> 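This is the structure, below, for whatever I ask next.
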Number of protein chains: 2
Amino acid sequence: MQNNSARGATLPAYEQIKRYVLEQIEKGVLGPGDVVPSETELVKEFGVARMTVSRALRELMAEGVLNRVRGSGTYVAPRQYESTVLQIRNIADEIAARGHRHTARVLSLATSDDPSAIAALELESGPAFHSRIVHNEEGEPIQYEDRYVNPQVFPDYLAQDFTLETPNHYMVRLAPVQRAEFRIYAQKPDAHVRQYLKMEIGEPCLLLIRRTWVGRHVATSVRLWHPSSRFHLAGTV
Amino acid sequence: MQNNSARGATLPAYEQIKRYVLEQIEKGVLGPGDVVPSETELVKEFGVARMTVSRALRELMAEGVLNRVRGSGTYVAPRQYESTVLQIRNIADEIAARGHRHTARVLSLATSDDPSAIAALELESGPAFHSRIVHNEEGEPIQYEDRYVNPQVFPDYLAQDFTLETPNHYMVRLAPVQRAEFRIYAQKPDAHVRQYLKMEIGEPCLLLIRRTWVGRHVATSVRLWHPSSRFHLAGTV
DNA sequence: GAGTGGTCTAGACCACGGC
DNA sequence: CCGTGGTCTAGACCACTCA
C-alpha cells in the first residue's frame with residue numbers, strides 16, 4: 001500500500017480498498033452476484049495485512065454493497081433502490097453510495113412566471129427559475145425532478161450544467177440549507193411524467209414535495225416523482 | 001474475556017462488549033453525553049486486545065449510539081428524537097391534533113406462525129402476535145394497520161382492547177422505543193385492504209413499513225396502508 | 001506530556017463451503 | 001481436503017485534545 005506522502009492527507013488503506021471495490025462496481029467490471037476477489041487476493045494486490053482488507057469488505061457488507069459467505073466467498077449484492085427521507089438528499093450521491101452510475105437529462109432550464117410557483121417561493125414578483133430533470137440510475141429513470149428556484153438566492157442557477165452536478169448539490173455547495181419542509185404522497189403520475197419515467201400505466205408514483213430555506217428566503221421548491229416499482233424511501237430513527 | 005464454552009455458541013468478544021455498553025445505556029447508568037470508558041479501560045476490564053474493543057466502539061458509533069472524538073474520548077450520543085416520519089406512529093394523536101374523532105375497528109388479534117413475520121421480528125421460533133386494525137378519522141378509514149408483535153417484549157399484547165388505545169400507544173407506554181427503521185412505498189393495495197379502506201379501484205396507497213427496537217429486540221414490525229386520496233406524510237427538518 | 005482514538009501489522013485459530 | 005471468511009492478539013505509530 002502507498003505510504004502517506006509528505007503533505008496532503010492520504011486515505012486510510014481500508015478506505016482505499018473500499019473505493020477500489022466501489023469503482024469496480026461503478027465501472028461495471030463487477031455486477032450483482034459477481035465474486036469479489038478474496039481477502040487473500042486483495043492482501044497480495046494491495047500489500048496490506050488481512051485485517052485491513054477484512055475491515056474494508058466488512059464495512060461494504062454493512063453498507064449493503066456486498067454479501068459475504070463464510071466458506072464460499074464475497075459477492076456483489078443485488079441492486080437495492082432506496083433513499084432516506086430525513087437528510088437533505090442528493091440523488092446522485094445516493095446512487096453513488098450504492099455503487100451505481102448516475103446520469104441526468106435536462107428537459108428544460110429557464111425562467112417561469114407560474115404564479116403558484118412564485119407563491120411557493122414567497123416571491124413578491126416573478127419570474128422564478130425553473131428546471132425539469134430526469135435522473136437515472138444505471139440508465140434507468142428513477143426520479144423526475146420539477147424544481148423552482150429563487151433567483152435572489154441563486155442568481156446563476158440558469159448557467160449551470162446539471163448533467164455534471166445535480167441542482168441539489170449545486171445549491172448545497174453555495175448555501176447551507178437551514179430548514180426544510182416536506183410532504184410525501186402516493187400519486188398517479190400524469191402522462192408527461194409517466195413517459196419520462198418509463199412507467200406502466202396504472203403504476204403509482206412516490207411523490208416527494210419539498211421546500212428548503214436559506215436564511216429567511218425560500219430557496220427552492222421541488223417536486224420529486226419516483227416510480228414505485230423502482231424506488232422507495234427508507235431510513236432509521 | 002470468557003472463552004467459548006463446550007457447547008452453545010458464545011458471542012464474539014466485540015459483540016459482548018457492544019451489548020455491555022448498550023446495557024449500561026438501557027439501565028440508565030450511561031446517559032446522553034456521558035463519557036464511555038476508554039478503550040484502554042475496556043481492554044483491562046474485558047481482558048481483550050485493543051483492536052477488539054476498538055471494533056465494538058466503532059460499530060456502536062456507526063449505529064449512532066456513540067460519538068467518538070480522537071484525543072478526547074467516547075460519549076453516549078444525544079437522544080435521537082422521533083422524526084416527523086416516525087411521529088405518525090400514533091395515528092390517534094394525529095387525528096386528535098386535527099380536532100377530529102378517532103375510532104378503530106379490530107379485524108383480528110391472535111397468534112401467527114407466518115415465517116416471514118417471525119423472521120422480521122428476528123425470533124428464533126414462533127408464534128408471533130398479530131393484529132389487524134382499521135383506523136378511522138371522523139368515521140372515514142385512513143389507515144389499515146397490519147402488525148406483528150414480539151411476545152417476549154409484549155407478553156400481554158393479545159389481552160388489550162385496541163378500540164380504546166392504539167397498539168402503538170400501548171407499546172410506547174410500556175417500553176421506550178430506541179430505534180426504528182422505516183420504508184415508504186407507493187403501492188397498489190390488494191383487494192382486502194382496498195375494501196377496508198373504502199378505496200376506488202386504481203387508487204394507490206402510501207405504504208409505511210416500520211420495525212422498532214426495544215433494547216436488542218425487534219419489538220414490532222408493522223405495515224401501515226393509507227389511501228393516497230385521504231392521507232399524506234409531512235414534516236420539517 | 002499524558003491520554004485519547006484511528007489505523008495497521010503479521011501472525012493465529014476457528015467454522016464453514018465445496019470439491 | 002483446501003480456500004473462504006470471522007475473529008482475535010500483542011504489539012506499533014500516529015494525530016489529536018486537553019490540562
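Letters go in sequence order (proteins before strands), and every chain restarts at 1. Note that the structure is predicted; figures quoted are calculated from it, not measured.
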> Measure CZ/B:R68 against P/D:dA15 and give the value in whole Å, please.
18 Å

> Can you tell me how far C1' of D:dA12 sits from CE of A:M51, to the nearest Å?
14 Å

> Could you check whether A:Y20 and A:F46 have their ring centres less than 6.0 Å apart?
yes

> Give the rounded distance in Å between these two atoms: CD1 of B:I17 and P of C:dG5.
13 Å

> Give the residues of residues 36-44 of chain A touching DNA chain D, defined as any heavy atom closer than 4.0 Å, sorted by residue number.
A:S38, A:E39, A:T40

> Over how many whole Å does the gap from B:M61 atom CE to C:dT7 atom C1' extend?
13 Å

> Tell me: CG of B:L66 to C1' of C:dT4, nearest whole Å?
15 Å

> Would the B:H192 and B:Y144 ring centres measure less than 6.0 Å apart?
yes

> Can a salt bridge be assigned to the pair A:R211 and A:E122 using a cut-off of 4.0 Å between side-chain N and carboxylate O?
yes

> Should A:R68 and A:E39 count as an ion pair when the cut-off is N to O under 4.0 Å?
yes

> Which comes earlier along DNA chain C counting from the 5' end, the contact point of A:R55 or that of A:G71, where each point is its nearest nucleotide?
A:R55

> Measuring to OP1 and OP2 of C:dC8, would you say a side-chain N or O of A:Y14 lies under 4.0 angstrom away?
no

> What is the nucleic acid contact for A:T74, judged by heavy atoms within less than 4.0 Å: base, sugar-phosphate only, or nothing?
sugar-phosphate

> Do A:R50 and D:dG5 share a donor-acceptor pair, side chain to base, under 3.5 Å?
yes

> Write down the distance between CZ (B:R58) and P (D:dC8), rounded to a whole number of angstrom.
12 Å

> Would a line drawn from the ring center of A:F162 to the ring center of A:Y157 be shorter than 6.0 Å?
yes

> In whole angstrom, give the distance that lies between atom CG of B:L11 and atom C1' of D:dG6.
13 Å

> Between the side chains of B:R132 and B:E145, is the shortest nitrogen-to-carboxylate-oxygen separation below 4.0 Å, so that they form an ion pair?
no

> Whole Å only: how far is the CZ atom of A:R70 from the P atom of D:dT7?
7 Å

